[in-house]
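Sequence positions, counted from 1, serve as the residue numbers for this chain.
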Amino acid sequence: MPVPYRQQQASNPPVLGPILLYLLPVPLLLVIVMAFAQGHFFRALFGLLALGLFWLAAWFVKRAAFYEWKSRQRKWQRATRIPWRFSAAVFTAGGAFVVTTLLVHHNIFIGALAAVIGFCGILLTYGVDPQHDKTLDTSRFGVTTEEISDLLDEAEANLDDISNAAAQLDNTELKVRLNRIADKTRGILKLIEEDPKDLRRARKFLKVYLQGARQVASQYVKTSHTQQHDELEQNFRNVLGTIEDVIEEQRTKLLENDVLDLDVKIEVLEAQLKHEGVI
């Protein structure tokens, strides 16, 4: 039996390295403020440029750390299409060059040396970007690693939107229920990853369920901020109940490796999303 989803996520995404990279160039703020105060506007602009380059590098390192963490949670993961760490190294090199030549006024050779040190320092500290997909033989399931990754990425993006919508709700009950829906759906994603032969069958469920749930949650949040309506809230509550029932049944089917169609229930859910007037 597959291990529950929450037990698979042994740790949170690493944040210490990116935070340090955001903090290290903070002294440049003092340089910028002093330059403006003394009327040295070009020096201030160079300081802003260097600070921006260093913070862009930190953001790219953060994205690389998140991607690596996500890859460890999955059996299948495509190699990154964006060279996060290489880009971070390039921006760090640019920031080091600007500081050395335009702020400290060393010659271009010293600036180039500082840029090389910054570039190599990032890659030596954080490593290089993965060049190969993390794959297993999925041919026996009739799906490819790319199909699995696309489904998981799209589903997780929808789940993030649902969690964001929950965070904006004032009603504690609805907030808890939306978060519970997101957690249960993440469990279904893990079941699909463990046993991808049901991918094609589950795709329709995930698209209708997740896109419908995301749309209804986002629309309800938007509407509830402009008007309070008891009937609307009750309709939303009814939809959440239906969604929870459908997802629990989908989970049961996947655990039992049962390929019986849930199309009828999914269509009922889709119709209810429209009928209840919350989308």
Side-chain angles (χ1 to χ4, degrees), residues 9-74 76-135 146 149-150 152-154 156-157 159-161 163-164 167:
Q9 289 188 317
S11 61
N12 293 321
V15 295
L16 181 59
I19 287 178
L20 289 176
L21 285 179
Y22 279 114
L23 293 178
L24 286 175
V26 164
L28 284 171
L29 288 173
L30 180 60
V31 174
I32 295 167
V33 171
M34 291 179 61
F36 270 120
Q38 297 170 2
H40 299 154
F41 298 113
F42 281 107
R43 180 176 174 81
L45 289 175
F46 293 148
L48 284 171
L49 174 60
L51 184 64
L53 289 170
F54 284 133
W55 278 352
L56 272 174
W59 183 82
F60 273 93
V61 168
K62 179 182 177 182
R63 293 301 305 170
F66 176 76
Y67 183 89
E68 184 177 35
W69 170 80
K70 187 171 70 170
S71 180
R72 287 199 300 268
Q73 312 306 312
R74 292 183 179 178
W76 300 274
Q77 180 68 37
R78 286 178 298 181
T80 176
R81 300 301 186 258
I82 300 176
W84 301 110
R85 293 188 178 101
F86 180 82
S87 299
V90 170
F91 285 122
T92 300
F97 184 84
V98 170
V99 169
T100 307
T101 58
L102 300 180
L103 291 180
V104 185
H105 302 298
H106 283 300
N107 62 53
I108 193 170
F109 299 104
I110 299 298
L113 177 61
V116 169
I117 292 174
F119 182 87
C120 295
I122 290 293
L123 295 183
L124 289 174
T125 302
Y126 298 103
V128 298
D129 298 292
Q131 301 298 314
H132 304 288
D133 295 338
K134 179 182 178 183
T135 64
E146 185 166 327
S149 292
D150 285 343
L152 295 179
D153 288 343
E154 180 183 356
E156 286 173 358
L159 287 172
D160 287 342
D161 288 342
S163 297
N164 290 337

Q: Heavy atoms only: give me the nearest Gly95-Ala50 pair and the separation to one decimal.
A: O-CB, 4.1 Å
Q. Nearest heavy-atom pair of Ala88 and Val61: which atoms, and what distance?
A. CB-CG2, 3.5 Å
Q.
To the nearest 0.5 Å, what is the distance between NE2 on His105 and CZ on Phe46?
A. 8.5 Å
Q. Any side-chain heavy atom of Thr92 sitting closer than 4.5 Å to one from Leu53?
A. no
**Q.** Exercise: identify the closest heavy-atom pair between Ala93 and Ala115
**A.** CB-O, 3.3 Å
Q. In Å and rounded to the nearest 0.5 Å, what is the CG to CZ distance from Leu102 to Phe42?
A. 11.5 Å
Q) Taking all non-hydrogen atoms of both residues, which atom of Leu51 and which atom of Pro25 are closest, and how far apart? A) CD1-O, 3.4 Å
(Q) Can you tell me if Ile108 has over 12 outside heavy atoms packed within less than 6.0 Å of its CD1? (A) no
Q | Candidate pair Val104 and Val99, rule side chain to side chain contact (heavy atoms under 4.5 Å, CB included), full reasoning | A | CA-CA 6 Å; Val104 185; Val99 169; 4.1 Å; yes
Q) Is any side-chain heavy atom of Leu21 less than 4.5 Å from a side-chain heavy atom of Tyr126? A) yes
(Q) Classify the ring geometry of Trp59 against Trp84: parallel below 30°, tilted from 30° to 60°, perpendicular beyond 60°. (A) perpendicular
Q: Please identify each residue that fulfils side-chain contact (heavy atoms from CB on, under 4.5 Å) with Thr125, with sequence neighbours left out.
A: none
Q) Distance-only, no hydrogens or angles: does the Arg43 side chain make a donor-acceptor pair with backbone N or O of Ile32 under 3.5 Å? A) no
Q. What distance do Leu24 atom CG and Ile19 atom CD1 have between them, rounded to the nearest 0.5 Å?
A. 12.0 Å
Q: Would you check if Pro27 and Val31 make a side-chain contact, meaning some heavy-atom pair closer than 4.5 Å?
A: no
Q.
Name the residue from Leu48, Val98, Leu103 that meets the side-chain contact (heavy atoms from CB on, under 4.5 Å) definition with Leu28.
A. Leu103
Q. Out of curiosity, Phe119 CZ to Leu124 CG, how far, rounded to the nearest 0.5 Å?
A. 10.0 Å
Q.
Is it the case that atom CZ in Phe86 sees more than 12 heavy atoms from other parts of the structure closer than 6.0 Å?
A. no
Q. Is there a side-chain contact between Trp55 and Tyr22, using heavy atoms and a 4.5 Å cut-off?
A. yes
**Q.** Heavy-atom pair with the smallest gap, counting every atom of Ile122 and Arg85
**A.** CG2-O, 3.9 Å
(Q) Can you confirm whether or not the ring centre of Phe91 sits under 6.0 Å from the ring centre of Phe60? (A) yes
